[in-house]
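Below: one structure, written as structure tokens.
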Amino acid sequence: MAHLPDADRSAYLASLQPGVDLDHRGTPFSAELLRALLAAVTAPATGRPAVGQAQFSAAQFDGDADFSRAKISGDAVFTGTEFGGAVLFTGAEIEGAAEFGTAKIKDRALFQRVRITGHASFQGATAGGDLTFQKARIGGAAYFTSAEITGEAWFAEAEIRGDCQFDLVKIREGAYFGTAQLYGDVYFDQAQIEKGDVSFAGATVHRAGVAFRDTRIGGDVLFDDVTINEGAVFDGAKVGGQVRFERADVGGGAFFDDTEIGGDVWFRGAQFGTDITFRKTVFERAMSMGPLACTGALDLSEAVFNNAVIIEASASAVCCRRTRWMSSATLRLRYASVDLSDAVMEYPLTVAALPRPFALGRREMAEPGLADSRVQVVSLRGVDAAHLVLNGVDLSACLFAGAVHLDQVRLEGRYRLDTVPLGLRWRVVRPVRWTPRRVLIEEHHWRASRTPDANEWTPAPPQVDVLEPAELAPVYRALRKSLEDNKHEPGAADFYYGEMEMRRHADDIPRGERSLLTAYWALSGYGMRASRAFGWLLGAMATTVFVMMLWGLPHQDPTTQSTGTLTGHTITMTTDISDPVNPEGPYKERLSGERFDKSLQVVVNSVIFRSSGQDLTTTGTYTEMTSRLAEPVLLGLGLLAIRGRIKR
């Protein structure tokens, strides 16, 4: 049409009417020619250009291509079209598809408030300025794969019923989807946003999720107040700025594996339906994360934190395997089971359990799908615990063996350990009762592997090796030293008991030493059980009293007989004391009150290393000597146990 004589062109334009199909593939258009063409198809009643099918593939527009408010009843095809200026479709209606694949737009492309019934395709297209679909309505999918946008991509308040594909797209300034309504998946895989932000603040992804795999984002990632039905995937992405998910509601999980985040990480009040993973993620300057809530796990395995950070989360699990903390860090948690296996801490790391929900202004953060608010640390294997502080956590299932510098770990607040099975049990005909004490879960595993009653002790899970007593004794010793160094010796008593128990059962010490430890255990619970020592003391005293009454006291007190010789004026006196006579007669007669009183005096004096001064038979003398040796030792063990419980 551009090469027709003026008369023929005028005749052609005069033959057109609103709603006609236009086929101008490969046609060059000047601004005047395009205005004339659109004027020819403008409906007088509406004042809007009306076209059926619009075929402009490979056409060339010298200046701006202004199709604002145009109504296209069919498809709008601009595949491979070159635009020397801007493309303006503000307020246009396209009842079919909008095809702009491989189009070249020198200036901006404005599709504000456009209505597209079908899909919109800009695959491989280029735009020299902004690409604006603000308040647009697209009934199908939006394809922008491999497109290049020199300015910004605006989809604020847009509604897209199908998928949004921005794979391999290059956007210089930023992509904005604020308050958009998106009904399909949103893909930005391997995209590049060089300088600006990616913002989905207030957007809703109704039936699917968003994906930014291997994407390069120079600015921030803003998902404040976003609602996503499924998940958000950022695996392999590099974000130059911060990542914000404040008050976000994500029905699925969020995945940031192998990601590099240059700024802070804001998840204040965010809710996630499943897991949040940051495996192998590098946090360059993050200072805080959370408070957030997820029904699944917060996985920070092999992540690197280069800055001091505070992490606040309500999650079913927090996994920090091989996580590197290059500065101080605080984990303020609720509900979570925490795995710190092989974590590297170069500065203090505090794991603290919070008794109340996190506060978000004047309200508390919701924690749906989470039931038990206890925080359990389940593994410290491979950890250098020199900088570790555990505050108010549950250690009943914690695996300590394999950690180093456990003697420097700080246990603060109200921490909890597992206990021995309580109550009286029968082993065939022998009653068994375990002395109440706190134990490590590794001792549970070992005892469960050797006891006939599997219900007494907790067996080891399939993936956990059962350790022998020789391996557990140093663990108990280190924890005991940690509490003693922090002036909490009463709290260290159970760890000392556990250490001695493991030594008694260990196979790497001589049998004689184990026999000595067995006696020490039986007599006083390693100097920790006052009741046992005093029980043996009372038993020994009762036995001594009984022996004294039956055989130790003579039949009667020896008598004294004095004789004198008078020689001149000198009198020589000689006093003889008769030897004690062994008691005779029936045993019942020897068990008298008088003999009991004398026997009790002998025994009480023996306990405090004093001689009673009572005349005794030979049996009584040796019995007193034995009691003066054994019973003070038992008294000392009992006093030692009491001292261990009240020592400051």
Side-chain angles (χ1 to χ4, degrees), residues 1-105 108-123 125 131-143 158-162:
M1 185 175 63
H3 302 93
L4 289 174
D6 293 343
D8 293 339
R9 184 185 305 113
S10 298
Y12 169 72
L13 294 174
S15 67
L16 299 178
Q17 58 184 354
V20 68
D21 293 340
L22 295 179
D23 188 349
H24 290 284
R25 286 174 283 189
T27 302
F29 282 92
S30 64
E32 294 80 3
L33 182 56
L34 178 60
R35 282 195 295 270
L37 178 63
L38 295 179
V41 294
T42 297
T46 62
R48 302 174 58 184
V51 180
Q53 293 285 343
Q55 291 283 351
F56 288 86
S57 298
Q60 301 93 37
F61 293 87
D62 290 341
D64 295 343
D66 190 352
F67 288 83
S68 298
R69 301 182 66 248
K71 182 176 181 180
I72 302 174
S73 301
D75 297 331
V77 183
F78 290 81
T79 305
T81 303
E82 296 182 8
F83 299 91
V87 176
L88 308 175
F89 272 77
T90 301
E93 294 184 20
I94 303 173
E95 296 183 359
E99 299 282 355
F100 285 80
T102 68
K104 294 180 174 58
I105 306 170
R108 58 182 178 165
L110 298 182
F111 289 80
Q112 290 173 300
R113 299 186 301 278
V114 71
R115 301 293 187 270
I116 303 174
T117 304
H119 66 266
S121 176
F122 286 76
Q123 298 185 76
L131 177 67
T132 303
F133 276 79
Q134 190 170 8
K135 296 184 179 180
R137 299 293 181 267
I138 301 176
Y143 303 105
E159 179 183 301
I160 303 175
R161 289 283 172 173

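The closest donor-acceptor contact from the side chain of R113 to the backbone of F111 lies at 3.5 Å or more, if one exists at all. In this structure, Q53 contributes its side chain and D75 its backbone to a donor-acceptor pair below 3.5 Å. Although no hydrogens or angles enter the test, the distance criterion places a donor-acceptor pair under 3.5 Å between the side chain of D64 and the main chain of A86.
Counting all heavy atoms, side chain and backbone alike, G91 lies closest to R48 at O-NH2, 3.7 Å. The two residues A36 and L13 have their closest heavy-atom pair at CB-CD1, 3.9 Å. Contact detail for I94 and G74: the closest heavy-atom pair is CG2-O, 3.7 Å. Here the closest heavy-atom approach between residue R69 and residue T46 is recorded as NH2-O, 3.9 Å. Scanning all heavy atoms of the two residues, the minimum distance from S73 to E95 falls at O-CB, 3.3 Å.
Separating the OG atom in S68 from the CG atom in L38 is a distance of 10.0 Å, to the nearest 0.5 Å. Of the inter-residue distances, the one linking R161 atom CZ with T117 atom OG1 reads 12.0 Å to the nearest 0.5 angstrom. How far CD1 of I116 is from NE2 of H119: 9.5 Å, rounded to the nearest 0.5 Å. Once rounded to the nearest 0.5 Å, the distance linking CD of E93 with CD1 of I72 reads 10.5 Å. If you take OG1 on T81 and NE2 on H24, they are separated by 12.5 Å, rounding to the nearest 0.5 Å. In this structure, CG on L88 lies 6.0 Å from CZ on R108, to the nearest 0.5 angstrom.
Ring-plane geometry between F89 and F100 is classed as perpendicular, the angle between the planes exceeding 60 degrees on a 0 to 90 degree scale with a lower cut at 30. Using cut-offs of 30° and 60° on the angle between ring planes, the pair F83 and F61 is parallel.
Proximity of F67 to V51: side-chain heavy atoms (C-beta onward) are nowhere separated by under 4.5 Å. Taking the side chain as every heavy atom from C-beta outward, R9 and L33 approach each other to under 4.5 Å. Contact check for L37 versus F29: side-chain heavy atoms found under the 4.5 Å cut-off. By the 4.5 Å heavy-atom criterion applied to side chains, V87 and F78 are not counted as neighbours.
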key: side-chain contact (heavy atoms from CB on, under 4.5 Å) between T79 and T102, intermediate numbers included   = CA-CA 6 Å; T79 305; T102 68; 4.1 Å; yes
message = Is there a side-chain contact (heavy atoms from CB on, under 4.5 Å) between L22 and L16? Walk through the geometry before answering.
response = CA-CA 9 Å; L22 295 179; L16 299 178; 4.3 Å; yes
